[in-house]
Amino acid sequence: MPRWVIALLAVSVAAQIAVQALRGARSAAQLDLPPSPGAPALRLASFGEAEAGARLTMLYLQSYDYGGGNTTPYQKLDYRRLVDWLGAILELDPRSQYPLFAAARVYAETPDAARSRIALEFVYEQFLRDPDRRWPWLAHAALLAKHRLNDLPLARRYAQALERHTTARNVPLWAKQMEIFILEDMNELEAAKIMIGGLLQSGTVSDPAELRFLKQRLEELEKR
């Protein structure tokens, strides 16, 4: 990392400490997450070092997770503002995976269902912009929708997106088959059979073990 970036970080930390000291007498509401300045402002502030700027902004954003002077834990933050920040960081550095990791594995796992849905929708929208690189986070979102929110239609929506929009060979078959298992949970057995039959006939599955698994699954559905 360039020296000037390290110096900027040190100045930012010092400024943050000073600001927090001045805020000591202010109300807790004033310490909540402020609105995102947007990607253009962040890009201007990064002086052409987009990746470093994105990392510094994530550090700033996460300062609201861990307390400090902020009396509101992240589960109670304004999630609309939160996803605006995450979106701006991703726009600043589109190849970064960390904002999506934070959205799927930290913010979406809040016990607050309404906030969790906001984070999951953010993951879904950002997945559509780069499916072959961002599929792991939508796969996790589908699992959260299914097991934590108990919302099978939402889980199926995410699983459908995985199956329809991913094309890279490194996307594992289990991720592209998630909709089949969700359909079974929804008792949509005929739709699950059609999906498996389509996979078998398409020729996209060539691994012998995967073919055996799909055929066995189809036989089990036929018996049910």
Heavy-atom closest pair, residues [X] and [Y]:
X      : Y      : result
Ala103 : Val123 : CB-CG2, 3.8 Å
Ala142 : Ala155 : O-CB, 3.5 Å
Thr166 : Pro131 : CG2-O, 3.8 Å
Ala88  : Gly38  : CB-C, 4.0 Å
Thr110 : Ser116 : CG2-N, 3.7 Å

Using 0.5 Å steps for rounding, measure from the [atom1] atom of [X] to the [atom2] atom of [Y].
X      : Y      : atom1 : atom2 : answer
Tyr98  : Gln62  : OH    : CD    : 3.5 Å
Leu90  : Ser96  : CG    : OG    : 6.5 Å
Leu144 : Asn150 : CG    : CG    : 11.5 Å
Ile182 : Glu184 : CD1   : CD    : 10.5 Å
Leu56  : Glu49  : CG    : CD    : 10.5 Å
Leu138 : Leu162 : CG    : CG    : 4.5 Å

Any Lys/Arg nitrogen of [X] or [Y] sitting under 4.0 Å from an Asp/Glu carboxylate oxygen of the other?
X      : Y      : answer
Asp130 : Arg133 : yes
Arg105 : Glu109 : yes
Lys176 : Glu163 : no
Arg117 : Asp151 : yes

Min side-chain heavy-atom separation [X]-[Y] under 4.5 Å:
X      : Y      : result
Leu82  : Leu61  : yes
Phe122 : Leu100 : yes
Leu143 : Met178 : yes
Lys146 : Leu152 : yes
Leu42  : Pro37  : yes

Under 3.5 Å, is there a donor-acceptor pair between the side chain of [X] and the main chain of [Y]?
X      : Y      : answer
Arg81  : Leu33  : yes
Asp132 : Thr167 : yes
Arg134 : Gln126 : yes

Within 45° of the six-membered ring axis of Tyr124 and under 6.0 Å from that ring's centre, is NZ or CZ of Arg157 located there?
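Cation-pi check for Arg157 and Tyr124: passes.
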Does Glu121 form a side-chain hydrogen bond (donor to acceptor under 3.5 Å, both in side chains) with Tyr158? I'd like the steps, not just the answer.
CA-CA 9 Å; Glu121 279 299 293; Tyr158 295 158; 2.7 Å; yes
Can [Y] be reached from [X] by stepping across I, L, V, M, F, W or Y side chains whose heavy atoms are under 4.5 Å apart?
X     : Y      : answer
Val83 : Val106 : yes
Leu86 : Leu77  : yes
Trp85 : Leu92  : no
Tyr79 : Phe101 : yes

Worked check of side-chain contact (heavy atoms from CB on, under 4.5 Å) between Phe127 and Trp137:
CA-CA 8 Å; Phe127 158 82; Trp137 316 120; over 6 Å; no
